[in-house]
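Read through the structure below, which is laid out as structure tokens, and then see the notes.
In this text the structure is predicted, and so the values were computed from the model without any measurement. Every chain is numbered from 1, with letters handed out A, B, ... down the list of sequences.
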Amino acid sequence: MREKRRWRKTDIAAEFSHPLPWRKIEAEGLDCDYALLFSKDEADRLFKQLEEEVEYFTEEKAQVRVFGKLHSIPRKQATYGEPGLMYSFSGVQHLARPWTPTLDYIRDAVTEATGRTFNFVLVNRYKDGHDHIGEHRDDEKELDPGCPIASVSLGAARDFVFRHREARGPGPRRHIDPVKLELAHGSLLLMNQPTNTHWYHSLPARKRILSPRVNLTFRRIVSQGQKEQRPSQ
DNA sequence: CGCACGTCAACCCT
DNA sequence: TAGGGTTGACGTGC
């Protein structure tokens with residue numbers, strides 16, 4: 001999706017043999033691109049491999065305190081990436097495990113499709129429609145602000161909802177319609193700037209869904225040192 | 001350094 | 001079953 005890039009022969013071959021039809025998703029301050037990245041057969045294979053490879057955090061590490069009470073988060077999480085990378089979310093620092101072969105493969109496919117490189121992935125596994133995630137923004141300060149977040153979905157298709165920050169909560173300042181889409185098996189959703197500063201997103205519960213979904217959000221993390229030297233990119 | 005602000009999931013109700 | 005309001009301790013930033 002990056003316009004200015006140097007073309008290599010392999011890129012051109014890949015581009016003409018597998019042209020990805022992107023669907024643009026736009027609203028005030030929201031800019032996303034959606035495409036089917038993998039065929040059903042390939043997505044099936046990748047999902048099965050990830051189910052064998054990915055090692056999720058244990059329950060005690062994945063607890064959150066809400067209104068004084070501790071709750072287990074309604075999903076499983078894991079982090080992978082370049083050795084030594086740390087990432088903090090929900091108030092906990094996580095050390096990235098080294099890339100697995102399947103995560104390697106998917107990361108390269110995303111790079112091929114977008115012209116972007118990533119050094120980290122957060123894996124979220126929703127075992128069925130009861131598992132979900134509440135409204136949030138991916139606005140961690142260690143993220144490279146110039147790099148989109150690339151979200152790959154495998155397994156059960158799930159609804160995905162964006163809501164503008166000024167149109168949520170009690171007494172919303174403005175009325176802005178939420179943006180809803182279904183994330184299909186094998187799909188890729190690119191969240192470009194400045195989407196994550198103005199819009200929250202969530203994966204709401206869908207109780208009729210009985211099968212699991214695995215979501216991979218590829219990111220570019222800037223280390224503190226790099227950030228001080230140059231604005232980067 | 002003290003205070004304002006944002007966050008997270010479950011429960012209840014419609 | 002979906003969606004919206006309601007519940008506070010704690011971390012972060014100004």
Polar pairs (N or O, both sides) under 3.5 Å between protein and nucleotides 2-6 of chain C?
| unit_1 | atom_1 | unit_2 | atom_2 | d |
| --- | --- | --- | --- | --- |
| C:dA2 | OP1 | A:R208 | NH2 | 3.3 |
| C:dA2 | OP2 | A:K207 | N | 3.4 |
| C:dG3 | OP2 | A:R206 | NH1 | 3.2 |
| C:dG3 | OP2 | A:R206 | NH2 | 2.9 |

Interatomic distance, [X] [atom1] vs [N] [atom2] [rounded to whole Å]:
{"X": "A:R168", "N": "B:dT7", "atom1": "CZ", "atom2": "C1'", "result": "9 Å"}
{"X": "A:K141", "N": "C:dT12", "atom1": "NZ", "atom2": "P", "result": "8 Å"}
{"X": "A:I73", "N": "B:dA9", "atom1": "CD1", "atom2": "C1'", "result": "11 Å"}
{"X": "A:H130", "N": "C:dT1", "atom1": "NE2", "atom2": "P", "result": "7 Å"}
{"X": "A:I133", "N": "B:dC8", "atom1": "CD1", "atom2": "C1'", "result": "10 Å"}

- Do the side chain of A:S187 and the main chain of A:L183 share a donor and acceptor less than 3.5 angstrom apart? no
- Task: Look at the side chain of A:T111 and the backbone N and O of A:R116, then say whether any donor-acceptor pair between them is shorter than 3.5 Å.
- Result: yes
Go through the structure and list residues passing salt bridge (charged side-chain N to carboxylate O under 4.0 Å, His left out) with [X], not counting sequence neighbours.
{"X": "A:D41", "answer": "none"}
{"X": "A:R219", "answer": "A:D138"}
{"X": "A:D44", "answer": "A:K40"}

Which atom pairs link the protein and nucleotides 8-10 of chain C when you take only N or O atoms and keep those under 3.5 Å?
| unit_1 | atom_1 | unit_2 | atom_2 | d |
| --- | --- | --- | --- | --- |
| C:dG8 | N2 | A:F67 | N | 3.0 |
| C:dG8 | N3 | A:F67 | N | 3.2 |

- How would you list all residue pairs meeting ring-ring contact (aromatic ring centres under 6.0 Å, His included) that involve residues 24-77 of chain A, not counting sequence neighbours?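 Output for this query lists A:F57-A:H94.
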Could you list the protein-to-nucleotides 11-14 of chain B atom pairs, N/O on both sides, closer than 3.5 Å?
none

- Think A:R165 has a side-chain N or O under 4.0 angstrom from the OP1 or OP2 of B:dG6?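 So the side chain of A:R165 is outside the cut-off, no N or O lying under 4.0 Å from OP1 or OP2 of B:dG6.
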- Message: Tell me whether the side-chain N/O atoms of A:Y200 come closer than 4.0 Å to OP1 or OP2 in B:dT7.
- Response: yes
- Note on the structure: The side chain to side chain donor-acceptor pair (under 3.5 Å) partners of A:R165 (sequence neighbours excluded) come to none
- Query: Excluding sequence neighbours, so at least two apart, what forms side chain to side chain donor-acceptor pair (under 3.5 Å) with A:D31?
  - Reply: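 By the side chain to side chain donor-acceptor pair (under 3.5 Å) rule, A:D31 matches A:K24, A:N192.
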Listing time: all N or O pairs from protein to nucleotides 3-5 of chain B that are below 3.5 Å?
none

- Message: Checking A:F120 now: which residues fulfil ring pair (Phe, Tyr, Trp, His ring centres under 6.0 Å) with it, not counting sequence neighbours?
- Response: A:Y87
- Contacts of A:Y105 meeting ring pair (Phe, Tyr, Trp, His ring centres under 6.0 Å) (sequence neighbours excluded), chain-then-number -> none
- Message: Minimum heavy-atom separation for A:V214 and A:R125, please, with both atom names.
- Response: CG2-CG, 3.9 Å
- Task: Please name the pair of heavy atoms, one in A:T79 and one in A:L95, separated by the smallest distance, quoted to 0.1 Å.
- Result: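 Of all heavy-atom pairs spanning A:T79 and A:L95, the closest is OG1-O, 3.4 Å.
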- Which of these passes side-chain hydrogen bond (donor to acceptor under 3.5 Å, both in side chains) with A:T102: A:E51, A:R107, A:E53?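 Only one option passes, and that is A:E53.
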